[in-house]
Amino acid sequence: MPELPEVETVVRQLAPLLVDRRIRRFEIRDRLLLGSVPLSLDGTGISAVFREGKQIVFEIAADGSPGRRAAAGNPVSKNQSVLGWLAIHLRMTGRLLWSFPNDSAQSRGKTRAEFAFEHGRLCFVDTRRFGTFAWHEERSSLRSAGVDPLRASFRIRNLRELIGSSTQEIKPWLMRQDKICGIGNIYASEILAEAGLSPFLRAGSLDRKQLTRLHKSIRKVLRDAIKHCGTTFSDFQDARGVKGKYQDYLRVYDRENMPCRACGHGITRSLQGGRSTYFCEQCTTLPPGNP
DNA sequence: GGGTACCTGAAA
DNA sequence: TTTCAGGTACCC
């Protein structure tokens, strides 16, 4: 499910529900997750919820007493009570679903971990069981290697420096989390379609104009997707079980043989690194010798 | 770098 | 029955 926009959607919904709340009970039910959190979280508090790359992070504080709300812009992480950070990665099919005590029972599949609060519960559901929980004692160990493309400080020249003289094709390059974090298979195709660039171009071959278009498209596509609460195919749901809306706006992804929204030409599906790539042959110039 | 593996279920 | 799926870790 989740690339940057879907993770951001979940974080924005969970933060007001969870920050400064006490975890009554935290329970892991899937053996694949056992041992990932080396201490009991029962009775601890959540002092912040944020996104780091594609991870959802709960800052866990020792003092979970309610009403100890930190002043805005003054995170609890400044004081001594922070125990650590729980980083949740949803991988392909993970979901974090919130329900209030009086919500009617929803069908949500098998719950693999659950946080119980006074005012509701948060269930981690993950069909394919690829999702991970990781415990960090240092804030710095959370940081993903790649730069967050929505940070104001991410400029065209940063993109140019990251790409360098890479001979990798630009579409798989965009999905490299050690360079830019947050872009996955859907948005890599969408970003290139928005920029009018062939997914088969060598990353290091992009000229100044193409880099400018790429940089602009990365930010535009991710921001627009967040505005529409992400993309849903089969699995993604936000924290309240609602699907994203961005699939209605996709230019190319999952649209093989359907008409390009710009020129009407049929969308092509191809494979790169074993993963589907979608693009319009007419709106992009293929490098020589490519399909 | 690319291929394969992890795991489950839906669809072809 | 086979193929495919939004991610990433690990192997040459």
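The sequence lines fix the lettering, A, B, ..., with proteins before strands; numbering per chain opens at 1.
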Tell me, do A:Phe133 and A:Leu34 make a side-chain contact under 4.5 Å, heavy atoms counted?
-> no
For A:His89 and C:dG7, is the shortest distance between a side-chain N/O and OP1 or OP2 below 4.0 Å?
-> no
What distance, rounded to whole Å, do you find between the two P atoms, one in B:dC7 and one in C:dC10?
-> 15 Å
Can a donor-acceptor pair be found between the side chains of A:Thr167 and A:Arg202 at a distance below 3.5 Å?
-> no
OP1, OP2 of C:dT8 versus side-chain N and O of A:Gln177: anything below 4.0 Å?
-> yes
What is the distance, rounded to the nearest whole Å, between atom CD of A:Gln272 and atom P of B:dG1?
-> 14 Å
Could you measure between the two P atoms, the one in B:dA12 and the one in C:dG6, and give it in whole Å?
-> 16 Å
Atom-to-atom span, CZ of A:Phe133 to C1' of C:dT8 - whole angstrom | 17 Å
Have a look at A:Gly274 and say if it touches a base, only the backbone sugar-phosphate, or nothing, with a 4.0 Å heavy-atom cut-off.
-> nothing
Figure out the CD/P separation between A:Gln168 and B:dG2, and round it to whole Å.
-> 6 Å
Separation of B:dG9 atom P from A:Arg95 atom CZ, nearest Å, is 12 Å
Is the closest side-chain donor-acceptor distance between A:Thr231 and A:Tyr187 under 3.5 Å?
-> yes
Under the 5.5 Å and 30° test, is A:Phe130 stacked on the base of B:dC6?
-> yes
Distance, rounded to the nearest Å, where A:Tyr278 contributes OH and C:dC4 contributes C1' | 9 Å
Quick one: is the NZ or CZ of A:Arg139 closer than 6.0 Å to the six-membered ring centre of A:Phe50, and within 45° of its axis?
-> yes
So, is A:Arg91 near the phosphate of C:dT8, with a side-chain N or O under 4.0 Å from OP1 or OP2?
-> no
Please report, rounded to the nearest Å, how far the P atom of B:dC6 is from the CG atom of A:Leu33.
-> 18 Å
Distance test, side-chain N/O of A:Ser276 to OP1/OP2 of C:dA5, below 4.0 Å | yes
Using whole Å, report how far CZ of A:Phe200 lies from C1' of B:dG1.
-> 16 Å
Looking at every strand, decide which applies to A:Tyr253 at a 4.0 Å heavy-atom threshold: base, sugar-phosphate, or nothing.
-> sugar-phosphate
Would you say a side-chain N or O of A:Arg128 is under 4.0 Å from OP1 or OP2 of C:dG6?
-> no
side-chain N/O A:Lys54 vs C:dT8 OP1/OP2, d < 4.0 Å = yes
Closest to side chain of A:Met175, choosing from C:dC4, B:dC7, C:dG7 | C:dG7
Return the value, rounded to whole Å, for the distance between atom CZ of A:Arg176 and atom P of C:dA9.
-> 13 Å
Might you confirm whether atom CD of A:Glu137 has over 12 heavy atoms from other residues, nucleotides or ligands at distances under 6.0 Å?
-> no
Of all the heavy-atom pairs spanning A:Arg128 and A:Thr93, show the shortest one and how long it is.
-> N-OG1, 2.9 Å
What nucleotide among C:dC4, B:dG1, C:dG6 has an atom nearest to a side-chain atom of A:Glu3?
-> C:dG6
Watson-Crick or G-U wobble partner of B:dG2, both distances under 3.5 Å = C:dC11
Identified pairing partner of C:dG6, criterion: Watson-Crick or G-U wobble below 3.5 Å = none
